[in-house]
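To start, the structure under review is shown below, and the notes come after it.
Just so it is clear, the structure is predicted and the values come from calculations on it, not from any experiment. A note on names: the letters A, B, ... follow the listed sequences, proteins ahead of strands, and every chain is numbered from 1.
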Amino acid sequence: MAFAPHHDLIEELKWRGLLHDAMPGTQDLLNREMVSGYVGFDPTAESLHIGNLVPVMLLTHLQLAGHRPIALVGGATGMIGDPSGKSAERNLLDEETLQRNVAGVRKQLLKFLNFTDGANRAELVNNYDWFKGISFLQFMRDIGKHITVSYMMAKDSVQNRLETGISFTEFSYQLVQGYDFVHLLKNHGCKLQMGGSDQWGNIVTGTELIRRMGAGEGFALVAPLITKTDGGKFGKSEQGNVWLDPQRTSPYRFYQFWLNVSDEDAKRYIRIFSLLSRPEIESLQQQHDGAPHLRLLQKALAEDVTVRVHCREDLDAAVAASEILFGQGTEDSLRQLSESDLLAVFEGVPQFHISEQELKAGIPIIDLLAEMTTVFPSKAEARKMIQGNGVSINKTKVAAIDLMVNVDHLIAGRYILAQKGKKNYYLLIVG
RNA sequence: GGGGAGAUACUCAAGCGGCCAACGAGGACAGACUGUAAAUCUGUUGGUUUCACCUUCGCAGGUUCGAAUCCUGCUCUCCCCA
């Protein structure tokens, strides 16, 4: 039976801004047969972060086009360390951490693809499974023999490290990753490797190894590095990395991250990170240009990504929280919330506990924010911020520096909402 | 081994005996304007019991009424010659 892709993947990726480069022949291959393609994920942490979402999207689009995605967790490569983009040798992760990371990443990847139905159902593999049976000598003889040192030296990832130093371990990395490709081609019929553009060098070593080992032909496709228009690094918020793990980055913060993207970035990101169709996106963009203050693009983007990474309920809660915190929220509307609603809204917000005794006596605002809690690192800073009109209690600006906070400020009997600037909330709980 | 230069707050970078908690730039945070955007403007960017006091200028001592600034030793970095 002749294979027909659901659509031209390369064209789709191009339009979405997800295509940086592809090896010649890749497009033909994709339009000719059902292709298995893989992406590798390094278990450098227990959770993926939103930067990893880009290669995840490549797999997702691969599957949507009717091809078969393979997600690889680098249990073996993670033991070596990829020198790409690193300016210095890294410490090796201990095995226990590595195990935990592999398990964490694995679990997250399962969410994004269809692993159960259809001929093109996804597959999840761990390269440790095939590397654990290969001895060092075997590797040197069977694999290392095919690639020359000068070939390996020519890679940017290695070149950039010649001055500062690179261990043999990291130098060898590309061979290890390269062999993954050979293995997947032989055992899973996987002809395509995808990844971020920083992986191009490693991927090409793989296709080269395939050719020289006479294993057939490998193809490659990489996505561009995601940037921010203002030059900052993508994927960082004030709180640091934006993780997929709700324990590390709450769904609320996650949602807020996308909602806060600039107009320029939103136009690019919605193509890259959402699964909305081209007509939907184009229509949204048009509406957005007509009424930019409504931020339809950001909302659609945030909604789509939050639902896929977390779930519909988490999105609803995040939207509700955002509504209260940034909408027409006033002290009155806050006071009308029930305790359970309040807790739901502030689930992802940092919380502090304070004693009822002290509150009854009244606590100077400065002490409350800098001493009893760590909203501010020092009293001086708290004082300056209050004087600069940057602090609110229960959505009401603190005007007096010597404000005494007492039981009258409690909401729902035991909460106080402290706010630093416009976007930073803290929930103080009595008891 | 010989000679030279340097180490200042998140980063870069002034200061070279008192006017220095330390110019300036970047970054970060906040305020105003907006749209929880961008740009722009403004403020803050050691601590405290804040009109004053205390701890900071690689580390340890010393000179001096007084040191980031001068002297001695130590540690580290960079450059030149062997």
- Item | Charged N-O contact under 4.0 Å between A/E11 and A/K14 | yes
- Which class fits the ring pair A/F171 and A/F168: parallel under 30°, tilted 30 to 60°, perpendicular over 60°? tilted
- Message: Suppose we screen for ring-ring contact (aromatic ring centres under 6.0 Å, His included). Which residues come up paired with A/Y38, at least two apart in sequence or across chains?
- Response: A/F181
- Task: Verify, without hydrogens or angle tests, whether A/T207 (side chain) and A/V204 (backbone) share a donor-acceptor contact under 3.5 angstrom.
- Result: yes
- Query: In whole angstrom, what separates A/M385's CE from B/rC29's P?
  - Reply: 10 Å
- Message: Could you identify the nucleotide paired to B/rA82, looking across every strand shown and requiring Watson-Crick or G-U wobble geometry with both distances under 3.5 Å?
- Response: none
- Item | Sugar-phosphate only, base, or nothing, as touched by A/K397 at under 4.0 Å among non-hydrogen atoms | sugar-phosphate
- Query: Any chance NE2 of A/H146 has more than 12 other-residue heavy atoms, nucleotides or ligands included, within less than 6.0 Å?
  - Reply: yes
- Query: Tell me, which of residues 281-289 of chain A have any heavy atom that sits under 4.0 Å from an atom in RNA chain B?
  - Reply: none
- Message: I need the NZ-P distance between A/K420 and B/rG31, as an integer number of Å.
- Response: 11 Å
- Message: Show every ring-ring contact (aromatic ring centres under 6.0 Å, His included) that has at least one partner inside residues 330-370 of chain A, sequence neighbours left out.
- Response: none
- The Watson-Crick or G-U wobble partner of B/rA28, with both key distances under 3.5 Å, is B/rU44
- Message: By nearest heavy atom, map A/V391 and A/I366 onto RNA chain B; which one lands nearer the 5' end?
- Response: A/V391
Filtered N/O pairs between nucleotides 36-41 of chain B and protein, under 3.5 Å:
| unit_1 | atom_1 | unit_2 | atom_2 | d |
| --- | --- | --- | --- | --- |
| B/rU36 | O2' | A/N260 | OD1 | 2.5 |
| B/rU36 | O2 | A/Q256 | OE1 | 2.8 |
| B/rU36 | O2 | A/N260 | OD1 | 3.4 |
| B/rU36 | O2 | A/N260 | ND2 | 3.3 |
| B/rU36 | N3 | A/Q256 | OE1 | 3.0 |
| B/rU36 | N3 | A/Q256 | NE2 | 3.1 |
| B/rU36 | O4 | A/Q256 | NE2 | 3.3 |
| B/rA37 | OP1 | A/K423 | NZ | 3.1 |

- Query: For A/E96, which residues count as a side-chain contact (heavy atoms from CB on, under 4.5 Å) partner, sequence neighbours excluded?
  - Reply: A/D94, A/R100
- Task: Using both distances under 3.5 Å as the test, list the Watson-Crick or G-U wobble partner of B/rC76, or none.
- Result: B/rG6
- Mutual orientation of the aromatic rings belonging to A/Y425 and A/F326 [parallel < 30°, tilted 30-60°, perpendicular > 60°]: perpendicular
- So, is A/N424 close to the B/rA30 phosphate, meaning a side-chain N or O under 4.0 Å from OP1 or OP2? yes
- Message: When both hydrogen-bonding distances must be under 3.5 Å and the geometry is Watson-Crick or G-U wobble, what is B/rC33 paired with, if anything?
- Response: none
Enumerate the protein-to-nucleotides 50-57 of chain B contacts in which both atoms are nitrogen or oxygen and the separation is below 3.5 Å.
| unit_1 | atom_1 | unit_2 | atom_2 | d |
| --- | --- | --- | --- | --- |
| B/rU50 | O4 | A/R383 | NH1 | 2.1 |

- Message: What's the gap between B/rG24 and B/rA14 when it is taken at their P atoms, as a whole Å value?
- Response: 15 Å
- Query: Any side-chain heavy atom of A/L175 within less than 4.5 Å of one from A/F139?
  - Reply: yes
- Query: Would you call A/E303 and A/K299 a salt bridge, taking side-chain N to carboxylate O under 4.0 Å as the test?
  - Reply: no
- Note on the structure: The side-chain contact (heavy atoms from CB on, under 4.5 Å) partner of A/V398 among A/I366, A/N389, A/L403 is A/L403
- Message: Please determine whether a side-chain nitrogen of the Lys or Arg among A/K267 and A/D289 lies less than 4.0 Å from a carboxylate oxygen of the Asp or Glu.
- Response: yes
- Item | Nearest-nucleotide pick for A/S378, side chain only, options being B/rG35, B/rG47, B/rA30 | B/rG47
- Counting only Watson-Crick or G-U wobble pairs whose two distances fall under 3.5 Å, which nucleotide matches B/rC51? none
- Query: If we call it a pair only when both distances are under 3.5 Å in a Watson-Crick or G-U wobble match, what pairs with B/rG18?
  - Reply: B/rC65
